[in-house]
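To start, the structure under review is shown below, and the notes come after it.
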Protein chains: 2
Amino acid sequence: MGEDVFKALADLTRRRILDELAERDGRALAEICAWLMTKHGLRLSRQAISQHLAVLREAGLVVVRMDGKQRVYALRPEPLTKVDQWLEPYRMFWSKRLDALEQHLEENP
Amino acid sequence: MGEDVFKALADLTRRRILDELAERDGRALAEICAWLMTKHGLRLSRQAISQHLAVLREAGLVVVRMDGKQRVYALRPEPLTKVDQWLEPYRMFWSKRLDALEQHLEENP
DNA sequence: TTGATAGGCAAGCCGCTACTTGCATATCGT
DNA sequence: ACGATATGCAAGTAGCGGCTTGCCTATCAA
């Protein structure tokens, strides 16, 4: 737990898993697998996805709930605030350019 | 160019370099090195930092300007908007509480 | 109980990545 | 022109990360 969130997000498949959980939270491994296959055409073994989920769990981005013989994965977006906070000082940079653009358009209609 | 921004951000040292450039933009390699050493106690060779900067350049997060025998690196935060955009759907999760608080305050002034 | 379903654990493979070392190149000062 | 400064390029290494395969466990259904 508490592993680097940025590293967890570095992998596209893991981001897709999070996206999937953001849309429909509380899904079993098999469901996530099937969804990745159909939507993104990924051909990954069940274990591959399972290991990705383990990484997400390490980063605290996901929690598991036992439900019968299924393990239901649920999104836990709190660690993403660290990314959001890190991003914060940079936001002024691209808002500055937008401001400059706006001003330019106002002065040159 | 156009390499994965998320992968570029996965490394702590690279994030620190960006942070440094965000504070004081347009710095030479030697300056960045010295700063990382003193502030974070890192013991990395000049080449290591140089390679990190190459990765950041690949990701479009940094541009280089030749200035005499120095190469001045400048921040280019635009690619970070991709991270910001990806983060967007998740913001509602942690802003829900703030929204609820606001609504409560509006209804109970 | 037996079989089928759902998934974790462990070991191995391979490519990528962070880092180092050594060499080459270009610019500035003298 | 020469040495010092500032940096890139190339090759090599060690380790990590993503993936597969094989085996084991646990739960449900008949």
Side-chain angles (χ1 to χ4, degrees), chain A residues 1-21 24 26-38 40-74, chain B residues 1-21 24 26-38 40-74:
Chain A
M1 186 104 71
E3 281 296 308
D4 192 353
V5 192
F6 288 90
K7 285 218 168 109
L9 296 185
D11 190 276
L12 176 58
T13 301
R14 284 197 287 267
R15 266 174 278 147
R16 299 218 248 234
I17 292 176
L18 290 179
D19 289 342
E20 160 72 350
L21 289 179
R24 308 190 194 181
R27 317 207 67 184
L29 175 58
E31 295 178 276
I32 298 174
C33 274
W35 187 83
L36 285 175
M37 305 290 168
T38 61
H40 297 291
L42 278 186
R43 294 217 177 178
L44 290 180
S45 69
R46 173 183 56 80
Q47 284 80 354
I49 311 290
S50 177
Q51 283 165 11
H52 278 305
L53 282 165
V55 173
L56 292 173
R57 237 190 61 238
E58 291 279 310
L61 285 162
V62 142
V63 287
V64 198
R65 184 187 78 231
M66 307 288 284
D67 180 30
K69 59 182 167 185
Q70 296 193 139
R71 272 156 178 88
V72 177
Y73 289 89
Chain B
M1 186 103 71
E3 281 294 310
D4 193 352
V5 192
F6 288 90
K7 286 221 166 106
L9 297 184
D11 191 276
L12 176 59
T13 302
R14 284 197 286 268
R15 266 175 279 146
R16 299 218 248 233
I17 292 175
L18 290 178
D19 289 341
E20 160 71 351
L21 288 179
R24 307 189 193 182
R27 317 207 66 184
L29 175 57
E31 294 178 276
I32 299 173
C33 274
W35 188 82
L36 286 175
M37 305 294 168
T38 60
H40 299 290
L42 277 185
R43 292 212 181 177
L44 289 179
S45 69
R46 173 182 55 79
Q47 284 80 353
I49 310 291
S50 178
Q51 283 164 12
H52 278 304
L53 282 164
V55 173
L56 293 173
R57 238 189 62 239
E58 292 278 310
L61 284 162
V62 142
V63 286
V64 198
R65 183 187 76 231
M66 308 288 283
D67 179 31
K69 59 184 170 187
Q70 295 194 141
R71 272 158 178 86
V72 177
Y73 290 88

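Computed from a predicted model, the values in this text were never measured in an experiment. Here is how names work: the chains are called A, B, and so on, in the same order as the sequence lines, proteins then strands, and each is numbered from 1. Only this structure's heavy atoms are used, side chains among them; waters, hydrogens and symmetry mates stay out.
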Would you sort out whether B/Met66 and B/Arg71 count as a side-chain contact (heavy atoms from CB on, under 4.5 Å), showing the intermediate values?
CA-CA 5 Å; B/Met66 308 288 283; B/Arg71 272 158 178 86; 3.4 Å; yes

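Using a 4.5 Å heavy-atom cutoff, the side chains of B/Leu9 and A/Leu9 are not in contact. Between A/Leu53 and A/Ile32, the closest side-chain pair of non-hydrogen atoms falls below 4.5 Å.
At least one side-chain nitrogen or oxygen of A/His52 sits closer than 4.0 Å to the OP1 or OP2 atom of D/dC19. For the OP1/OP2 pair of D/dA6 and a distance below 4.0 Å, the side-chain nitrogens and oxygens of B/Tyr73 include no atom meeting the criterion.
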Are any protein N/O atoms closer than 3.5 Å to N/O atoms in nucleotides 27-30 of chain D? If there are, list each pair with its distance.
none

Scan nucleotides 21-25 of chain D against the protein and return all N/O pairs shorter than 3.5 Å with their distances rounded to 0.1 Å.
from   : atom 1 : to      : atom 2 : distance (Å)
D/dG22 : O6     : A/Gln47 : NE2    : 3.2

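Here A/Ala54 pairs with nothing under the side-chain contact (heavy atoms from CB on, under 4.5 Å) rule; sequence neighbours left out. For B/Ala74, the side-chain contact (heavy atoms from CB on, under 4.5 Å) partners at least two apart in sequence or on another chain are B/Asp25, B/Val63. Under the rule for a side chain to side chain donor-acceptor pair (under 3.5 Å), the partners of A/Glu20 that lie at least two apart in sequence or sit in another chain are A/Arg27, A/Trp35.
Applying the salt bridge (Lys or Arg N to Asp or Glu O under 4.0 Å) definition to pairs two or more places apart or across chains, those involving residues 5-18 of chain A are A/Arg15-B/Asp4. Applying the side-chain hydrogen bond (donor to acceptor under 3.5 Å, both in side chains) test to pairs two or more places apart or on separate chains, none has a residue in residues 42-51 of chain A.
Toward the 5′ end of DNA chain D lies the nearest nucleotide of B/Val64, the other residue of the pair A/Val55 and B/Val64 mapping further downstream.
Read 5' to 3', the first and last nucleotides of DNA chain C with an atom closer than 4.0 Å to a heavy atom of chain B are C/dA18 to C/dC28.
Residue A/His52 holds its NE2 atom at 9.5 Å from CG of A/Leu12, rounded to the nearest 0.5 Å. The structure places CD of B/Gln70 at 6.0 Å from CD of B/Glu31, a figure rounded to the nearest 0.5 Å. The distance from the OG1 atom of A/Thr13 to the CG atom of A/Leu36 is 7.0 Å, given to the nearest 0.5 Å. Atom-to-atom distance recorded for B/Leu61:CG and B/Leu21:CG is 10.0 Å, nearest 0.5 angstrom. Rounding to the nearest 0.5 Å places NE2 of A/His40 at 8.5 Å from OG1 of A/Thr38.
A heavy-atom distance below 4.0 Å to DNA chain D is reached by these residues of residues 6-14 of chain A, ordered by number: A/Asp11, A/Arg14.
B/Ala28 comes within contact range of the sugar-phosphate backbone alone, with a heavy-atom separation under 4.0 Å but no base atom that close.
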